[in-house]
Amino acid sequence: MSDTVLVDIIKRLTDYTKGILLHDFPAEPLRISPDPFNINELSSAIKQLAEEYHDSLIRAEETVWAQATAEKQMEEMLTYETAILNNMADGLIAVDPNGAITIFNPVFLSMLNLSDREISGREYSEAFAADLTSLIDNVMSEKKETIKGEISLADGRIGKATVTPILNGEFLGCIVLVHDITREKEIDGMKTDFISTVSHELRTPLTSVLGFAKIIKRRLNDDIFPQVKTEDKKIRRAINQVDGNIGIIISEGERLTKLINDVLDIAKMEAGKIEWKKEALSAGEIIERAATATSALFEQKGLRLLKDIEDGLPEITGDRDRLIQVIINLISNAVKFTDKGTITVTAKRMNNEIIVSVIDTGVGIAKKDCDKVFEKFKQVGNVLTDKPTGTGLGLPICKQIVEHHGGRIWVESELGKGSAFSFALPVRRESGISIEAIDKDIFIRQLREHIAIAPQPAISGKTILAVDDDPNIREFLRQELEAAGYRVNEASDGIEAINMIKTQRPDLIILDIMMPKMSGFDVAAVIKNDPATMDIPIIVLSIVEDKERGYRIGIDRYLTKPVNTDELLREIEILISKGVSKKKVLVVDEDETTVKTISESLAAKGYNVVSVCNGSECIDKAKAEKPDMIIMDAVILERNDIVKTLRFEKGLEKVLFILMGKGKE
Amino acid sequence: MKMAIQTLDARGLKCPQPTLKITAMAVKMKPGDVLEVIADCPTFEKDVRDWCTRSKKILLWIKDDGGAKKCQIQF
């Protein structure tokens with residue numbers, strides 16, 4: 001091969017290679033013949049390299065395209081999700097496992113009146129108030145269940161916060177959703193107010209109906225029927241029927257009263273208008289009290305009540321009267337639906353709860369109905385054949401009460417075999433004293449309600465002034481009180497009442513609250529502020545339930561219509577005979593000033609007061625003096641275990657304890 | 001209707017970076033949008049022409065621009 005030919009081949013190879021470098025990938029490789037130096041092979045190798053480069057270029061492009069597309073979709077998704085967050089009607093935040101706020105939406109910021117700087121990346125515990133923080137705390141520590149709670153929002157609004165753990169194989173923090181429920185609350189409040197008003201208004205006519213029906217029954221039985229000497233069967237039958245009918249009017253009137261009271265009760269609970277006490281309580285004692293209160297029911301039906309209360313149960317915290325009400329409701333229900341056999345009340349401890357069960361051997365409840373029994377106005381069973389008794393509100397009230405105490409209530413039952421209603425309440429925390437400080441007014445009220453219990457013989461010839469704008473009620477009071485031996489004067493409004501009180505000075509005043517011209521509260525305030533009349537006892541008898549206000553003014557008893565005549569007469573006796581009965585009170589406090597203040601105010605009210613300054617003296621003094629009530633500092637009580645010591649002392653089983661705490665710090 | 005014109009400065013980048021950049025941006029372009037690219041890689045013109053053929057986009061024009069090449073691609 002000549003040099004010229006060789007140079008030409010090399011030049012053509014170089015041109016081919018340059019073309020490849022300029023990305024002329026489809027160019028045909030160099031082909032020569034003959035090919036003593038294997039140039040064709042070299043050229044093919046270059047062609048192969050070029051094609052491989054071109055392929056990888058296209059693959060790289062495809063990869064970049066796929067990545068960019070995925071990124072774009074993610075971005076779009078993120079934009080879409082952000083738009084959802086930003087346009088949500090509810091407030092939302094997310095908190096990471098370390099407690100930092102990672103996501104929040106504009107509604108949340110405006111609900112709590114926060115700026116994004118105040119919240120972005122901050123710890124939730126620094127950014128929010130205690131109500132929301134404690135809800136989040138719970139979910140962050142439990143990492144399990146969703147919890148809900150009410151929180152305060154800006155401008156006095158109320159929100160419902162739902163805190164949900166974010167679980168995706170592992171715990172990723174939590175989501176907080178806040179819904180503004182201010183309007184719902186308002187509507188709920190209006191509904192409750194409506195129910196309260198209607199129920200209150202029903203009480204006034206019911207007072208007359210029930211009161212007079214009772215008077216008629218008594219008159220008939222005492223004065224009229226005995227005079228009918230005829231043997232005429234028709235007349236005798238008519239007498240029996242009249243007697244039976246009037247009995248029905250009374251029992252149905254009482255049922256209606258109970259219904260109204262229950263409706264009011266549950267309406268108040270739902271509206272959060274109930275004042276709940278927080279006392280340290282023993283489950284055994286509550287069961288005993290409920291058992292005593294329901295003993296008559298057992299006698300009527302010939303049933304037996306068994307109690308199985310575990311020894312050494314820890315205390316619970318709550319409102320004694322309300323919890324007794326729960327057990328009474330459960331026991332009365334059990335009695336109602338059990339015709340033979342036993343009713344067993346058990347109390348036992350399980351983990352950190354006390355479980356109280358009321359077990360009967362009655363008709364039982366079908367499984368499908370078990371949840372419905374706690375709904376309002378739902379009485380399960382055949383309503384056409386079974387005569388409905390009760391209000392249908394007993395169990396819903398129980399549910400409200402138990403849930404308010406942080407507990408739960410449920411039923412296990414089998415048709416024909418019986419039912420077991422149980423509720424669980426958390427055990428009282430041992431550390432610290434959870435007794436709230438006692439307000440002096442409430443304290444004095446408790447004194448008034450509990451001390452002078454023993455009625456003295458009625459003192460006849462005393463004058464009572466009945467103040468009510470409703471002539472029927474005045475007439476009813478007149479008849480009842482005169483029958484009990486009192487003289488009765490009447491006043492139809494507040495101004496007339498004040499004039500009569502100043503001129504005639506009655507021994508006791510029965511006072512309505514809602515009257516034209518002047519309310520009963522104002523009348524009471526005038527009387528209790530005038531030294532000449534301040535010692536005349538006042539019993540308020542009203543459809544309005546505002547005991548707090550009444551006791552603040554200084555009235556002595558607060559009864560609601562429709563009145564229970566026996567209760568009214570008993571209260572009148574107690575108040576009129578005050579001063580004759582001197583109940584003994586033991587005051588215990590390490591602080592001498594407190595002891596002195598309480599002792600003096602009690603002595604001024606006519607109580608017999610003894611006092612000591614420490615726990616061990618208290619036990620000795622209590623054993624020696626046998627007081628009716630012990631008022632003591634909660635710290636002394638805890639330190640000396642006084643309740644347990646004194647409860648087993650003869651003559652002190654029924655002593656009433658009032659504890660004064662420092663309140664929660 | 002005025003179309004959005006996006007720009008990409010790929011000067012200093014060697015093959016295949018400029019066309020990969022175009023590919024990444026292409027995902028976000030809507031039909032009718034125009035991408036103006038300037039690049040100084042020697043194979044750019046060839047590459048962008050091939051790219052347009054491959055991806056069925058219109059190369060509106062390509063011209064010299066002070067030692068580099070500038071072009072517009074319509075999507």
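Just so we're on the same page: letters track the sequence lines, and every chain starts at 1.
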Measure the spacing between [atom1] of [X] and [atom2] of [Y] and express it to the nearest 0.5 Å.
X       : Y       : atom1 : atom2 : result
B/Lys46 : A/Leu22 : NZ    : CG    : 9.5 Å
B/Lys28 : A/Glu76 : NZ    : CD    : 10.5 Å
A/His23 : B/Asp50 : NE2   : CG    : 9.0 Å

- Message: Please identify, among B/Asp47, B/Thr19, B/Ile22, B/Thr23, the residue contributing the most non-hydrogen atom pairs under 4.5 Å to chain A.
- Response: B/Thr23
- Item | For the student: nearest non-hydrogen atoms of B/Thr43 and A/Leu21, plus distance | CG2-O, 3.2 Å
- Of all heavy-atom pairs linking A/Ala68 and B/Ala24, the shortest is CB-O, 3.7 Å
- Task: State, with a plain yes or no, whether a side-chain heavy atom of B/Pro16 is found less than 4.5 Å away from one of A/Tyr53.
- Result: yes
Counting only heavy atoms not in [X], do more than 12 sit closer than 6.0 Å to its [atom1] atom?
X        : atom1 : value
A/Asp155 : CG    : no
A/Glu41  : CD    : no
B/Lys14  : NZ    : yes
B/Lys57  : NZ    : yes

- Select one option (side chain, backbone, both, neither) describing which atoms of A/Ile58 are under 4.5 Å from chain B's heavy atoms. side chain
